[in-house]
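Report on one structure; see the data block that follows.
Each chain gets a letter, A, B and so on, in the order the sequences are listed, and its residues count up from 1.
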Number of protein chains: 4
Amino acid sequence: MKALAYFGQRDIRFTELIDPKIEDDRDAIIQVRACAICGSDLHIYHGHGFSEDIGFCVGHEAVGEVVEAGRGVRQLKVGQRVMVSAAVGCGQCAPCLAGVVNRCVTNSGNCYGLSAKLQGSQAEYLRVPTADFNARAIPEGLSDEQALMLTDAQATAWFGARNADIRPGSTVAVVGLGPIGLMGVESAFVMGASRVFAIDRVPERRALAASLGATALDGDDPKALAAQLAEATQGRMADCVLEAVGYEATISLAMRLAGRRGTVSVIGVAQERMVAFPMWHAFNMGLTFRIGTCSVPEEWPALVPLVQAGRLHPERFISHRLSLSEGARAYELFDRREDGALKMVLRPGG
Amino acid sequence: MKALAYFGQRDIRFTELIDPKIEDDRDAIIQVRACAICGSDLHIYHGHGFSEDIGFCVGHEAVGEVVEAGRGVRQLKVGQRVMVSAAVGCGQCAPCLAGVVNRCVTNSGNCYGLSAKLQGSQAEYLRVPTADFNARAIPEGLSDEQALMLTDAQATAWFGARNADIRPGSTVAVVGLGPIGLMGVESAFVMGASRVFAIDRVPERRALAASLGATALDGDDPKALAAQLAEATQGRMADCVLEAVGYEATISLAMRLAGRRGTVSVIGVAQERMVAFPMWHAFNMGLTFRIGTCSVPEEWPALVPLVQAGRLHPERFISHRLSLSEGARAYELFDRREDGALKMVLRPGG
Amino acid sequence: MKALAYFGQRDIRFTELIDPKIEDDRDAIIQVRACAICGSDLHIYHGHGFSEDIGFCVGHEAVGEVVEAGRGVRQLKVGQRVMVSAAVGCGQCAPCLAGVVNRCVTNSGNCYGLSAKLQGSQAEYLRVPTADFNARAIPEGLSDEQALMLTDAQATAWFGARNADIRPGSTVAVVGLGPIGLMGVESAFVMGASRVFAIDRVPERRALAASLGATALDGDDPKALAAQLAEATQGRMADCVLEAVGYEATISLAMRLAGRRGTVSVIGVAQERMVAFPMWHAFNMGLTFRIGTCSVPEEWPALVPLVQAGRLHPERFISHRLSLSEGARAYELFDRREDGALKMVLRPGG
Amino acid sequence: MKALAYFGQRDIRFTELIDPKIEDDRDAIIQVRACAICGSDLHIYHGHGFSEDIGFCVGHEAVGEVVEAGRGVRQLKVGQRVMVSAAVGCGQCAPCLAGVVNRCVTNSGNCYGLSAKLQGSQAEYLRVPTADFNARAIPEGLSDEQALMLTDAQATAWFGARNADIRPGSTVAVVGLGPIGLMGVESAFVMGASRVFAIDRVPERRALAASLGATALDGDDPKALAAQLAEATQGRMADCVLEAVGYEATISLAMRLAGRRGTVSVIGVAQERMVAFPMWHAFNMGLTFRIGTCSVPEEWPALVPLVQAGRLHPERFISHRLSLSEGARAYELFDRREDGALKMVLRPGG
C-alpha cells in the first residue's frame with residue numbers, strides 16, 4: 001500500500017509499505033478515507049520523536065471503512081464507516097474495562113505511528129487492534145471530517161479544557177492558537193466560560209479566535225500580556241488557563257495568567273524533560289497544575305452529541321485538504337504555519 | 001409610601017403604607033427603582049400563600065438606590081445602585097458565613113413580602129436587613145433590569161439547572177416555559193447542553209424557547225410527550241429534566257422524561273403537600289430527584305460574569321414594564337398568561 | 001446438577017437441574033464454591049418476584065472456579081478462582097465500554113436468577129456470559145467469602161452510601177439494619193462520617209451497628225425517632241440518610257430524618273409502584289432523593305483495596321454457613337430474621 | 001503585656017510589648033490561653049521570614065477568652081472561649097462572603113505574626129479584627145488544645161489532603177512526618193484511604209505514623225523509596241501524595257511517588273522561588289499538582305464534628321506543653337527536632 005513514512009529529520013516520504021494483516025482475531029483492517037496531521041507528529045518530523053526507528057508509517061488520526069474483520073470482532077462490520085481512537089487500549093485490563101484507556105495496564109500510552117511498533121494511520125490501510133474497543137461506528141449525523149477531528153484533536157482540546165476546571169462563568173485564557181488551542185477556545189465557551197482570552201503571535205489565528213467570541217491578546221512579552229489580562233479582569237486574572245504549546249516559556253506565561261485558586265492545564269506535548277516552575281508564585285496563588293494525554297473514547301459521550309447538535313464545529317479548523325501523496329508538503333506547510341495552515345487533512349487516493 | 005398590598009384572594013391593591021425605618025444599625029433603606037412579580041407571588045394572589053396575614057406589602061424582587069444606611073453598614077453607600085437578594089440571611093451564623101443563605105440558622109427561608117413579618121419589595125421603599133450581606137452594589141455593566149432578574153428569577157433558574165446535574169453534552173428537557181422555565185432553557189445551553197427539549201401548552205412560549213435553540217414539544221398528554229422524546233433520543237430520554245411548574249401532574253411528567261441515571265430537578269414551588277411518586281420506575285431507572293429554593297447570592301459569582309459577557313440575557317424575558325400603580329392589572333395579566341405575559345416589571349413613579 | 005429452584009410462594013427446593021453449557025464462545029462455566037441469599041431473593045420467595053416463571057434456578061451472588069472457558073475468553077483461565085458480578089452487561093455497548101453496566105443498552109438490569117431467562121447462582125454450576133467482562137479473578141488477599149460479599153451486597157451498600165452524598169464529617173442515618181444496612185454503616189464510616197445513627201426494630205441488629213461505632217436508635221414510631229435524632233444533632237438532623245428497606249413507611253421515615261440540603265438514598269428494592277412523597281417538606285428542606293441499582297464492577301476499584309487493607313469487613317455480616325442442600329431452611333431463617341440471621345452463605349457439596 | 005518577639009536569626013525573645021487595643025468597633029481582644037508554634041514560624045526563626053521587620057510579636061495559632069469586644073461585635077461575648085483562625089479576612093468582600101478567606105480581596109494571605117503589620121498570637125493578648133468573622137466560639141465538646149490545633153495545623157493538613165484528591169480506596173503517600181504530615185496521615189484515613197505510606201528520616205516520627213495505621217518507609221534515597229513503593233503497590237504507586245516539607249528535593253520525591261493520573265499536593269510552605277519540575281514525567285503520568293494555603297474556617301464544618309466524634313485526634317501530636325516564657329527554648333527544640341518535638345504548645349502564665 002501507499003503510506004507516509006519517516007526517514008529522518010524533516011524527511012517524510014510518500015512510499016510503498018507492506019499491507020497490514022489481521023494478527024489477532026479481534027483485529028480489523030480499515031481502508032483509510034481521511035487522516036490528519038497532529039501537532040505531535042511535528043515532534044517526529046523535527047527528529048525529536050518517540051523512538052530511534054526509521055522507515056515506519058506515521059500518523060494516529062484516521063477514519064475509514066472496515067474492509068476486513070477478525071472472527072472475534074462483534075460490533076464492527078465490513079463496510080461500516082468507523083472512527084479510530086488515537087489512544088489504543090487492550091480493552092481487557094481494569095482501567096480499560098472502566099473506560100480509562102490511558103491507564104491501560106498492558107500498553108499504556110500506546111498509539112499508532114510513533115515507532116515501528118504500531119503502524120501509523122497516514123496510509124491506505126490501518127490495522128486496528130481489539131477493534132470493537134478501539135474504534136466505533138461513526139455516529140449518525142457526523143461527517144467523516146467531524147469524526148476525524150474526534151479521533152484525537154477535539155478530544156484532546158476538550159480533555160485539556162476539562163483539566164483546566166472550566167465551570168460556567170469562568171474566565172479562561174488560552175495560550176497558543178494552533179488547531180488544539182482553537183478547539184480549546186470553542187470548548188471553553190461550550191463549558192460555560194464567560195470570557196476567553198486568546199493568545200498567539202500569528203494574527204490570522206488570533207482573528208479566528210476572535211470570530212469564536214474570544215478576546216485576542218497581542219504581543220509576546222509575558223509581562224505585557226499579564227498586564228493586559230490584569231487590566232481586563234480588574235486584577236483577578238484567569239480562573240482557568242489552557243496551555244496548548246508545551247514549551248517552558250509558554251508554560252511559564254500560563255502560570256502568570258492564572259488568578260487565585262486558578263488552574264493551569266497543559267495540553268501541549270511537554271517539550272522539555274525538566275522545566276523551571278514558579279513554586280513560590282504557585283504557593284501564594286494556590287494554583288492547580290495539570291498535564292497529560294487524553295483517553296480519547298472517554299470524551300466521546302459528551303463530544304458526539306455536541307458535534308451532532310452543532311455546538312462544536314471542529315471541522316472549521318481544517319485549513320487544508322490534500323492527497324496523501326502530497327503528505328510531505330503538508331508537513332512542511334503545517335510546520336511553517338504558512339498559508340493559514342491549521343489542521344491538515346490527507347486523503348489516500350484523494 | 002405607596003406600595004402593593006395583599007387584601008385577599010385576587011385582591012392586590014396599590015395603597016399607602018408606612019415608610020420603612022432603620023431598625024438595626026446594619027440595615028439600609030433603598031428607594032426601589034424597579035421590582036418584579038414572581039411566580040410564587042401568584043400563590044399569595046390565589047389565596048394559597050404562606051401566612052394568614054392581610055394588608056401586608058408583597059414582592060421579593062427589587063433593585064434600587066440606597067437612601068439611608070445604618071451606622072454599622074460598611075460596604076453600601078448612600079446613593080449607590082444595589083440589587084437585593086430575595087433570600088435573606090442573618091449573615092452571621094455558620095451557613096451564612098459559608099455563603100449558604102438558605103441554610104441560615106436564624107431565619108432560614110426568610111424572604112420579603114410573604115407575610116407581615118418582613119415587608120415586601122413592591123413598594124417605593126424597602127428596608128434591607130444586614131444590608132452589606134443581603135444586597136450588593138450592582139456590578140459594572142449590568143442594567144437595572146438585568147440586576148433585577150438576578151435577585152431571584154435567573155438565580156432560581158440557574159440553581160434549578162445546576163440541581164439537574166447538567167453537564168456539557170447533556171440532553172435536557174424543560175417542563176413549563178414561564179419566565180423561570182425559559183431562563184432554565186438558556187441556562188442549560190450555557191452549561192453545555194447538547195439539546196434542550198421545551199414543553200408548554202402556550203404556543204408563544206414554545207416559540208420563544210425555540211428561538212433560544214430548543215426543540216419545542218407540543219401537546220399535553222404525558223404519554224405522547226414521552227413518546228416524542230423517546231423518538232427524538234433513540235429511546236435514551238433526557239439526562240436532566242427541569243420541572244418549572246410544581247404540580248403533581250408536571251412532576252409526574254418530568255419523571256417519565258428522565259433516562260437511565262437521569263436527574264429530575266423541580267424549580268417550581270411545590271404546590272401539594274404529598275405527591276404520588278413513581279418509586280418503582282425511579283428504582284428501575286436509577287433516578288435522582290432534587291427540589292428546593294435558591295440561596296441567591298451563592299449563584300452570583302457565576303451569573304454576574306455571564307450576564308456581563310452577554311451569554312445570559314434574562315432581561316429578554318421581561319414582557320411588561322408598568323408603573324407600580326398598575327400592579328393589580330399586572331398580577332391579573334400574569335396570572336392569566338395573557339398578552340404574552342412573562343416577567344412583569346413595575347416601577348414606582350414609573 | 002443440584003440447585004435451588006423456585007416453585008411458588010415460600011417454596012424453594014433443592015432439586016436436579018440441567019447443567020449449564022457454553023452458549024457463546026465468550027462464556028465461561030464456573031463451579032460454584034459459595035453463593036449467598038440476597039434481600040431481593042426474598043421478593044421472589046414471597047411470590048412477588050420479577051416474572052411468572054416457575055422452576056427456575058434462583059440466586060445472583062457467587063464465587064467459584066472456572067471449569068470451562070469458551071474459545072473467545074482471554075483473561076479468565078480454567079482453574080482460576082473468580083467472583084461473578086450480580087449485574088450482567090453485554091460488555092460491548094457504549095455504557096458497558098465506559099464501565100457502567102447498569103446502563104447496558106442490550107440487557108440493562110440483567111441479573112442471574114430472576115426468571116428462567118438467565119440461570120441463577122444457587123447451584124453447583126453457573127454459566128457466566130461474556131465472562132471476561134462479568135467476572136474477575138479474585139484479587140490477591142481476598143477470601144472466597146469476602147469476594148462473595150463483593151458480588152452484590154457490599155457493592156450495593158457502598159453504592160447506596162455514595163448515592164447519599166456522604167462526605168468526611170457528614171452526619172448519617174441508616175434506616176434498616178439487614179446485611180446491606182449494616183454494610184452501609186461500615187461504609188459510611190470509611191467515607192468519613194462523623195456520626196452514624198442506626199435504626200432497626202431488632203435489638204441484635206442494633207447491637208451489631210453499635211459495635212461498629214454507630215449510635216443505635218430504638219423504637220418504630222417515626223415521630224419519636226425524628227425527635228431523638230433532632231435532639232442528638234441540635235436540630236440539624238442527618239446530612240445523609242440511607243434507606244435499606246424499600247417500603248413506603250421506611251422511605252417516609254428516611255425523608256423526615258434528613259436535614260437542610262440533605263440527601264436520602266434508597267438502597268432497598270422499591271416494594272411499591274407508587275409511594276406518597278412529602279413534596280412540600282422536601283421543597284422546604286431542599287432535599288435530594290436517589291434510588292437505583294448498583295453497577296457492581298464500577299464499585300470494585302474502591303472496594304477491593306479497602307477489603308484487602310482490612311478497612312471493610314463484609315464477611316462479618318455472614319451469620320450462617322450452610323450446605324446448598326439446606327437452602328430451603330436458609331430462606332426460611334433469613335425471612336423470619338430468626339437465629340440472628342443476616343447474610344446466609346450456601347456451599348454446594350458443603 | 002508579655003509576648004514572644006523576633007529580633008533576628010534564631011533570636012526569639014520573651015519580652016514586654018504594648019497591649020493591643022480595639023482599633024475598629026468590630027474588633028475583639030482575647031486573652032490567650034494557649035498558642036502554638038507552626039512550621040512556618042521556623043522560617044522567621046531562620047531569618048527567612050516574610051518581612052524585614054524586627055521586634056514584632058510572632059505566632060498565628062491561638063485560643064483564648066474574649067476580654068473586650070467592640071460595639072459592632074455581635075456573636076462573640078466577653079468571657080467566651082474562642083478559637084482564632086490563622087487566616088484573617090475582611091469578612092465583607094465577595095470571596096469572604098462566600099467563606100473563602102484566602103481569596104480575600106482586601107487582605108489576601110493576611111495572617112498574625114508575620115511582620116509588624118498584624119501582631120502575633122504568642123502573647124498574653126491578641127487583637128482579632130472583624131472578630132465575629134475571624135474567630136468562633138469553641139464548639140461544645142472540644143478542649144482548648146483540640147481547638148488550638150484547628151486554628152491552623154489540622155486545618156492545613158486536612159486542606160492538603162483534600163488537595164491530594166483522596167477518595168475512599170485511595171493509596172496515599174505522605175512525605176515528611178512533622179505535625180502537619182502526621183495529621184495528614186490521620187486525615188487520609190478518615191477520608192477513606194486504603195493504605196497510607198509514610199516517609200521521614202526520623203524513626204520516632206515513622207513509629208508514630210505506623211501507630212496510626214500507616215506503612216512507614218525508611219531511608220532518604222528517592223530512587224530506593226520509589227522502588228519500595230512500586231513493590232508494595234505492584235507498580236501502581238500512590239494515587240495521592242502529600243508533601244509536607246516544601247523543599248525542591250522532597251517535592252521531586254513526591255512527584256516520583258505518584259501513579260498514573262495521580263495528584264501531588266504540597267502542604268509545606270514552598271521554600272524556593274523556582275523549582276525544577278519533571279514536566280516530561282508529569283506529562284507521561286498525567287499528573288495533577290496543587291499547592292497553596294488554607295482558608296481555615298472553610299475546613300471547620302467538616303473538621304469540628306470529626307474531632308467532636310473522636311475520629312480525628314490532633315491533640316495527639318502535641319509533644320510539649322511549656323510556659324510562654326520558655327518560648328525561646330521551645331523554638332530551639334522544635335527546630336532541632338529534638339526530644340521528640342512535634343507540636344509545641346505555649347501557655348502565657350502557664
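When side chains are defined from C-beta on, C/I291 does not count as touching B/W280, because their heavy atoms never get closer than 4.5 Å. In this structure, B/V266 and C/F283 have side chains that are not in contact, with every pair of non-hydrogen atoms separated by 4.5 Å or more.
For CD of C/Q234, the number of neighbouring non-hydrogen atoms (other residues, nucleotides, ligands) closer than 6.0 Å is greater than 12.
For residues 252-278 of chain B, the pairs satisfying ring pair (Phe, Tyr, Trp, His ring centres under 6.0 Å) are B/F277-B/F289, B/F277-C/F277, B/F277-C/F289, with sequence neighbours left out. Pairs of residues two or more places apart, or lying in two chains, that qualify as salt bridge (Lys or Arg N to Asp or Glu O under 4.0 Å) and include a residue from residues 272-290 of chain C are C/D165-C/R290.
Smallest separation of non-hydrogen atoms from B/P278 and C/M274: CA-SD, 3.5 Å.
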Start with the C-alpha distance between B/R103 and C/R261, add both sets of side-chain angles, then the distance that settles side chain to side chain contact (heavy atoms under 4.5 Å, CB included), and finish with yes or no. CA-CA 8 Å; B/R103 293 187 74 175; C/R261 285 197 176 188; 4.0 Å; yes
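Interface summary for chain B: among C/M285, C/M279, C/R236, C/E248, the most heavy-atom pairs under 4.5 angstrom belong to C/M279. Chosen from B/L287, B/V100, B/T263, the residue pairing most often with chain C at heavy-atom distances under 4.5 Å is B/L287.
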